[in-house]
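Each remark here refers to the structure printed beneath this line.
The figures that follow rest on heavy atoms only: side chains count, while hydrogens, waters and symmetry mates do not.
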Protein chains: 2
Amino acid sequence: MTETRGKPSARRADLVRIAAELFAERGYRATTVRHIGDAAGVLSGSLYHHFDSKETILDELLSSYLDELLTTYREIAGAEPVTALRGLVTEAFRSLGEHRAAITVLQNERTYLRSLPRFGYLTKADDEVRRIWTTVLRDGIEAGAFRADLDPAITYRFLRDSVWVAVRWFRQDGRLSPEELAEQYLKMILDGITA
Amino acid sequence: MTETRGKPSARRADLVRIAAELFAERGYRATTVRHIGDAAGVLSGSLYHHFDSKETILDELLSSYLDELLTTYREIAGAEPVTALRGLVTEAFRSLGEHRAAITVLQNERTYLRSLPRFGYLTKADDEVRRIWTTVLRDGIEAGAFRADLDPAITYRFLRDSVWVAVRWFRQDGRLSPEELAEQYLKMILDGITA
DNA sequence: CTCCCGCACCCAAGCGCTAGCTTGGTAGCC
DNA sequence: GGCTACCAAGCTAGCGCTTGGGTGCGGGAG
């Protein structure tokens, strides 16, 4: 009963999606199992037929997002630096649409979650993402595509933060599509805002 | 007794600082009054001699930061666009050092806090900050200092997020001073990262 | 100088409440 | 008849906060 992994029951997936919206809106810790139950139309105790803890629900949400992101990123990373950077930024915005809830939770409660043994893989994922971006930047600087006076570490943090924090105001149904938004950002990032 | 304002007792100020560090590390909601008491070397109940609620501690932290920030911003806003933008960015980084805890809490729990009646002033402050930045950007675009194809609203969010979210990794004692860091950021923001 | 009172500061104990989670049982479907 | 999905009821731990009382110190009256 209550397998932590596997068993991709449709109901189980539904419940993850329902909980994800609440986690994103109110925060993971501020969302109670009774909230989740109400939103799903069941009593809070009934959730424990599907999951053995509230953490398990979050785990399923986060790990599935990170798996997909890293898979896509590994493919993009091989390309020529400017193309790769455009790809990383565009993919980040695209993922904002599909995984808004997961990204929001990660943004707002990353430091807390990393203190939980169960979510140790968050640090590993962060490290790989950082490695991919900084490699692209370093290659681009060496190849003369990016400015030579850039610090790859600072530039990475600047780009990563600028893009991902957009989850706070990004809406899937907004007036700009993820691709258009990525274009606006790339315009500023690549060429600056000076006339 | 237990005046919410006034009476700037030294002990009271100490307690705010102690609580601020915990709020920043573990989050406001995840920090219990017992944690604060432990860190301060008193029992949790003793905190209520100084403050009438946990919210009051946070309020004192946030409002004092916002007061200072807005005062400085109003002065900067008058200058010529590029100078003003440089000033806004530099001041933001400078405030990261002095008000790291307050900014961290605001970044991580802004949406929750805004739902509390007591913290309605956060929305007002946000509005004024937005007004100041977008005015600078709009003036700069009209004056030909910034690119004409920029959307002021998107550009503002991009800049604001990029700078403030740096609180997640910025350390007062890091290898770069706030001013040096602001220079690095301004280099990327104004002229882009392309060679 | 002494006495004592008021005040700032804190302790000890516990209240009411809600959190995540458990347990035993049941309705319906293959 | 077993399996999935759920209910009804309630457990324990920990939350923010209260209450009544104690301690040391500074300052005015005698």
Can you check each nucleotide of nucleotides 24-30 of chain C against protein heavy atoms at under 4.0 Å and return B for base, S for sugar-phosphate only, - for none, in 5' to 3' order? -------
Contact state string [nucleotides 15-20 of chain D, B base, S sugar-phosphate only, - no protein heavy atom under 4.0 Å]: BBBB--
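Rounding to whole angstrom units, CG of residue A:Leu47 and P of C:dT22 are separated by 12 Å. B:Phe51 places its CZ atom 14 Å from the C1' atom of C:dA8, with the value rounded to the nearest Å. Distance A:Ile57 CD1 to C:dA19 C1': 14 Å, rounded to the nearest Å. Atoms CZ (B:Arg12) and C1' (C:dC7) sit 17 Å apart, rounded to a whole Å. Atom CG in A:Asp38 sits about 14 Å away from atom C1' in C:dA19, given to the nearest Å. In this structure, A:Arg26 places its CZ atom 13 Å from C1' of C:dA19, rounding to the nearest Å.
Under the 3.5 Å distance criterion, with hydrogens and angles disregarded, no donor-acceptor pair is assigned to the side chains of B:Glu75 and B:Thr72. Side chains of A:Thr56 and A:Arg118: a donor on one and an acceptor on the other come within 3.5 Å. Side-chain polar atoms of A:Tyr121 and A:Asp59 form a donor-acceptor pair below 3.5 angstrom.
Across all strands shown, B:Gly37 has no heavy atoms under 4.0 Å from either base or sugar-phosphate atoms.
At least one side-chain nitrogen or oxygen of B:Arg11 sits closer than 4.0 Å to the OP1 or OP2 atom of C:dC10. The side chain of A:His49 contributes no N or O atom lying less than 4.0 Å from OP1 or OP2 of C:dT22.
Within the 4.5 Å cutoff, the side chain of A:Arg114 has no heavy atoms near those of the A:Phe119 side chain. Between A:Glu68 and A:Glu98, the closest side-chain pair of non-hydrogen atoms falls below 4.5 Å. Residues B:Met188 and A:Ile189 form no side-chain contact, since every pair of their non-hydrogen atoms from C-beta on lies 4.5 Å or further apart. In this structure the side chain of B:Leu15 reaches within 4.5 angstrom of the side chain of B:Phe51, judged on heavy atoms.
Shortest non-hydrogen contact noted between B:Gly144 and A:Ala195 is O-CB, 3.4 Å.
Geometrically, A:Arg29 engages A:Tyr112 in a cation-pi contact, judged by NZ or CZ lying under 6.0 Å from the ring centre and within 45° of the ring axis.
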